[in-house]
Amino acid sequence: MKIRIWLFDDEKSVLEFLRELFEAFGYEVFCFESPGKILESLNFINSEDQADLIITDIQMPDMDGMEFVEKLNSSGFDKDNIAVISGYWTEEYSAFAQKFGVRMFDKPVDIKELLTWVNERRCCTDSCLCKCLVYEPL
């Protein structure tokens with residue numbers, strides 16, 4: 001079973017890059033420009049459509065990433081499987097992300113660091129026999 005990653009970013013180029021990257025490593029990836037309609041239409045818990053990992057930008061049109069994290073948290077989604085990416089980390093955003101215990105990444109994203117985090121999550125969601133992928137630059 002493939003690990004399912006949901007990506008949220010209003011920049012299409014970021015979504016496309018990350019989608020191609022994660023798919024190259026065998027992940028199932030779904031891209032969204034905003035979480036607004038997704039939250040209304042899907043049940044995050046106990047659904048066959050549920051994401052295993054969620055990676056979201058902070059600044060998006062319908063709702064910011066921190067509001068999205070709050071909604072995910074209240075739905076029971078595992079905070080250890082949420083990452084927030086931003087080029088605009090303010091003290092307020094940083095404190096909020098730390099309060100909720102989500103992983104924080106700066107934009108531009110350090111690809112090795114992001115892949116390491118995703119692969120660590122993969123090992124937490126797969127069986128204990130899982131071998132983590134190791135990202136080695138070409």
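The model shown is predicted, which means the values in this text are computed figures rather than measured ones.
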*Dump the intermediate steps for side chain to side chain contact (heavy atoms under 4.5 Å, CB included) on I82 and F100, then the final yes or no.*
CA-CA 10 Å; I82 301 171; F100 279 91; over 6 Å; no
*Go through D52 and N81 one step at a time and tell me if the side chain to side chain contact (heavy atoms under 4.5 Å, CB included) criterion holds.*
CA-CA 7 Å; D52 296 301; N81 293 331; over 6 Å; no
*Check the pair I111 / F17 against side chain to side chain contact (heavy atoms under 4.5 Å, CB included), numbers first and verdict last.*
CA-CA 11 Å; I111 298 305; F17 172 76; 3.4 Å; yes
*Apply side chain to side chain contact (heavy atoms under 4.5 Å, CB included) to the pair I3 and V118, showing each step before the final yes or no.*
CA-CA 10 Å; I3 299 298; V118 168; 5.9 Å; no
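In this structure, A51 and F77 approach most closely via the heavy-atom pair O-CE1, 3.2 Å. Residues C31 and R19 share a closest heavy-atom pair of SG-CB, 3.7 Å. Residues D80 and G101 approach most closely at OD1-O, 4.3 Å, considering heavy atoms.
Note on E11 versus K107: salt bridge recorded, some NZ/NE/NH1/NH2 to OD/OE distance being below 4.0 Å. A salt bridge does not link K12 to E16: none of the charged nitrogens lies less than 4.0 Å from a carboxylate oxygen.
Here CZ of F22 is found 4.5 Å from CD1 of I5. Values are rounded to the nearest 0.5 Å. Within the model, atoms OH of Y27 and CG of L53 stand 7.5 Å from one another, a figure rounded to the nearest 0.5 Å. Rounding to the nearest 0.5 Å gives a distance of 12.5 Å between NZ of K79 and NZ of K99. Of the inter-residue distances, the one linking L114 atom CG with I55 atom CD1 reads 5.0 Å to the nearest 0.5 angstrom.
Side-chain atoms of W6 do not come within 3.5 Å of backbone N or O of Q50 as any donor-acceptor pair. Between the S75 side chain and the L72 main chain, a donor and an acceptor come within less than 3.5 Å of each other.
Using the six-membered ring where Trp is involved, F32 and F8 have ring planes that are parallel, under 30° apart on the 30 and 60° scheme.
Two residues are said to be in side-chain contact when any heavy atoms from C-beta on lie closer than 4.5 Å; V109 and V14 fail this criterion. Considering only heavy atoms from C-beta on, D110 stays 4.5 Å or farther from W117 through its side chain. Counting only heavy atoms from C-beta outward, the side chains of V29 and L7 approach each other to under 4.5 Å.
For the residue pair Y88 / D57, no side-chain donor-acceptor distance below 3.5 Å is found, with atom types taken as modelled.
Taking T90 as the reference, E92, Y93 meet the side-chain contact (heavy atoms from CB on, under 4.5 Å) condition, with sequence neighbours excluded.
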Taking distance alone, no hydrogens or angles, what donor-acceptor pairs closer than 3.5 Å link side-chain atoms of residues 59-66 to residues at least two apart or in another chain?
from	atom 1	to	atom 2	distance (Å)
D62	OD2	S34	OG	3.0
D64	OD1	M66	N	3.1
D64	OD1	E67	N	2.7

